[in-house]
Amino acid sequence: MNELLGKKVVVTGGSRGIGAATAIALAERGADVALTYNSSPDAAARVVKEIEALGRTAYALEIDAADAVAVADGVARAADRLGGLDILVNNAGVGAIGPITDFTLDDVDRVLAVNIRGVYAAAQAAVPRMSDGGRLIHLGSCAAGRVTSPGMTLYAMSKSALIGLSKGLARELGSRGITSNVVQPGPIDTDMNPADGPFAAAQIADLALDRFGTTSEVAAAITYLAGPNAAYLTGTELTIDGGHTA
Ligand code: NDP
């Protein structure tokens, strides 16, 4: 359980859902964690407390992932406070469900700013600070591989762009032993996509397994990618979607 002992981690959007579960799972394996949040300071503080109770260091930084300058500055500050950077989990993301005609171009800019531009900025700030053998892990979506219902155009577009970003980073950083991968969840029970929400039944009908996934199941996949056993795994997608794309 100590395979990440002393590793220095930044998790964007670590206050709730998959990001919170990931921050805690990495700390359980010995990592020190800086997490960012946007609108949930109390939830972020609870995650910090939980990590500190494990005997690890944790910080919460208020950073809007749509503000690329703030994101880059935040990653730099986090690396300074942690004393380095080994793992970046680009988790912060927003959903965008509806027909293409429902979204204004301002809406499109906002979704791309959080789901892509902020990820690019975080990686750009992380790369020069990251130790050799580091890990870049980006939260995509199974919708990047297969869109099974209408109303997903903007979201799927934003998440599929992560694949190109991640593969490019894998090529750029392989000589330093740094890996870059996308984790692609299917329906996971969170505030973004509650298992008792109005779209839940339709999503379950499309799965091989007949239930939503849990945040800890996704955190386990991220923890694997962050660990020493995944050192040869780069430039690819780890899809954890209950068989959505089967
Ligand atoms: P939640 O909505 O439950 O949590 C989102 C997290 O991201 C929160 O910690 C939130 O912080 C943070 N966040 C959102 N917007 C911003 C922002 N502008 N700046 C900083 N932080 C922000 O989402 P999930 O846990 O469900 O999703 C996590 C990731 O997984 C996302 O990238 C999502 O697209 C992806 N995903 C989720 C799926 C699902 O079914 N749940 C399926 C496929 C992919 P705060 O509360 O402080 O605002």
Side-chain angles (χ1 to χ4, degrees), residues 10-25 33-48 60-75 78 89-97 107 109-119 121-122 137-149 152 154-163 165-166 182-197 199-200 202-204 206-207 211-219 221-222 237-242 244-245:
V10 172
V11 180
T12 67
S15 48
R16 292 182 292 115
I18 292 168
T22 298
I24 292 163
V33 182
L35 57 96
T36 73
Y37 66 95
N38 184 39
S39 58
S40 308
D42 295 344
R46 279 195 295 276
V47 176
V48 166
L61 304 169
E62 182 185 350
I63 296 168
D64 181 357
D67 181 344
V69 174
V71 169
D73 178 61
V75 170
V89 183
N90 273 315
N91 165 78
V94 285
I97 309 301
D107 296 331
D109 284 346
R110 171 80 192 170
V111 171
L112 296 182
V114 176
N115 290 3
I116 281 295
R117 198 161 182 265
V119 173
I137 301 165
H138 321 281
L139 268 292
S141 166
C142 64
R146 181 166 171 256
V147 178
T148 52
S149 61
M152 299 288 287
L154 176 54
Y155 185 69
M157 177 177 82
S158 72
K159 291 300 189 180
S160 60
L162 284 176
I163 296 173
L165 172 123
S166 178
V182 181
V183 169
Q184 302 194 137
I188 306 300
D189 184 19
T190 65
D191 296 337
M192 181 188 282
N193 188 11
D196 58 0
F199 307 111
Q203 291 177 79
I204 289 172
D206 204 42
L207 303 178
R211 65 171 178 87
F212 269 45
T214 65
T215 56
S216 56
E217 286 171 325
V218 181
I222 294 169
E237 297 85 56
L238 182 52
T239 299
I240 170 160
D241 69 351
H244 172 89
T245 39

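Side chains included, hydrogens not; waters and symmetry mates left out as well; all remaining heavy atoms used. Along the sequence shown, residues carry numbers from 1. Atoms within a ligand are numbered from 1 in the order they appear, just like the ligands themselves. The structure presented is a predicted model; accordingly, all values stated were derived computationally and were not measured.
The shortest separation from a heavy atom of T36 to ligand 1 is not under 4.0 Å, leaving the residue out of contact. Remark: distances from the non-hydrogen atoms of Q203 to ligand 1 are all 4.0 Å or more. For the ligand labelled ligand 1, residue A20 lies outside the 4.0 Å heavy-atom shell. Using 4.0 Å as the threshold, A44 has no heavy atom nearer than that to any atom of ligand 1.
Note: D191 CG to R16 CZ = 4.5 Å, rounded to the nearest 0.5 Å. Separating the CD atom in Q203 from the OG atom in S149 is a distance of 7.5 Å, to the nearest 0.5 Å. Considering CG of L139 and CD1 of I222, their distance stands at 4.5 Å, rounded to 0.5 Å. Note that CE of M152 is 9.0 Å distant from OG of S158, once rounded to the nearest 0.5 Å. Here F199 contributes atom CZ and N193 contributes atom CG; the two are 9.0 Å apart, rounded to the nearest 0.5 Å. A distance of 8.5 Å separates CG of L238 from CD of Q184, quoted to the nearest 0.5 Å.
Checking V183, T245, V182 one by one against T239, the side chain to side chain contact (heavy atoms under 4.5 Å, CB included) holds for a single residue, T245.
Scanning the protein for heavy atoms near atom 10 (C) of ligand 1, the closest one is R16 NH2, 3.6 Å. Atom 19 (N) of ligand 1 has as its closest protein heavy atom A65 N, 2.7 Å. The shortest contact between atom 24 (P) of ligand 1 and any protein heavy atom is with T190 OG1, 3.7 Å. In terms of protein heavy-atom proximity, atom 2 (O) of ligand 1 is closest to M192 CB, 3.4 Å. For atom 18 (N) of ligand 1, the closest non-hydrogen atom on the protein side is D64 OD1, 2.8 Å. At the shortest separation from atom 13 (N) of ligand 1 among protein heavy atoms lies A92 CB, 4.1 Å. For atom 48 (O) of ligand 1, the closest non-hydrogen atom of the protein is S39 OG, 2.8 Å. At the top of the distance list for atom 12 (C) of ligand 1, counting protein heavy atoms only, stands G13 CA, 3.5 Å.
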Could you walk me through whether M157 and L112 pass side chain to side chain contact (heavy atoms under 4.5 Å, CB included), step by step? CA-CA 9 Å; M157 177 177 82; L112 296 182; 4.0 Å; yes
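A side-chain donor-acceptor contact under 3.5 Å links D189 to the backbone of A195. Listed for the N115 side chain is a donor-acceptor partner under 3.5 Å among the backbone atoms of V94. Checked by atom type and distance alone, the side chain of R146 pairs as donor or acceptor with a backbone atom of H244 at under 3.5 Å. No donor-acceptor pair closer than 3.5 Å links the side chain of T36 to the backbone N or O of E62. No donor-acceptor pair closer than 3.5 Å links the side chain of S166 to the backbone N or O of I163. A donor-acceptor pair is defined here as one N or O able to donate and one able to accept, closer than 3.5 Å; such a pair exists between the side chain of N91 and the backbone of T12.
For atom 38 (C) of ligand 1, the choice among A144, G186, S141, S40 with the nearest heavy atom turns out to be G186. Which of L139, N91, N38, V47 comes nearest to atom 31 (C) of ligand 1 through a heavy atom is settled by distance: it is N91. Considering each of I63, V94, D189, the one bringing a non-hydrogen atom nearest atom 20 (C) of ligand 1 is I63. Looking at L35, I18, N115, it is I18 that brings a heavy atom closest to atom 25 (O) of ligand 1.
Considering backbone and side-chain atoms together, I188 places an N or O closer than 3.5 Å to an N or O of ligand 1.
Residue-level proximity to ligand 1 for R110 is carried by the side chain, the only part with a heavy atom below 4.0 angstrom. At a heavy-atom cutoff of 4.0 Å, ligand 1 is contacted by the side chain of K159 but not by its backbone. If you look at Y155 next to ligand 1, the close heavy atoms, those under 4.0 Å, all belong to the side chain.
Which parts of ligand 1 touch P187 is read off a 4.0 Å heavy-atom cut-off, strictly below it: atoms 40 (O). For ligand 1 and D191, the ligand atoms under 4.0 Å from any heavy atom of the residue are 3 (O). Interface of S15 with ligand 1, defined as ligand atoms under 4.0 Å from a residue heavy atom, comprises 8 (C), 9 (O), 10 (C), 11 (O), 45 (P), 46 (O), 47 (O). For ligand 1, the atoms sitting less than 4.0 Å from at least one non-hydrogen atom of N193 are 39 (C), 40 (O), 41 (N), numbered in the order shown with element in parentheses.
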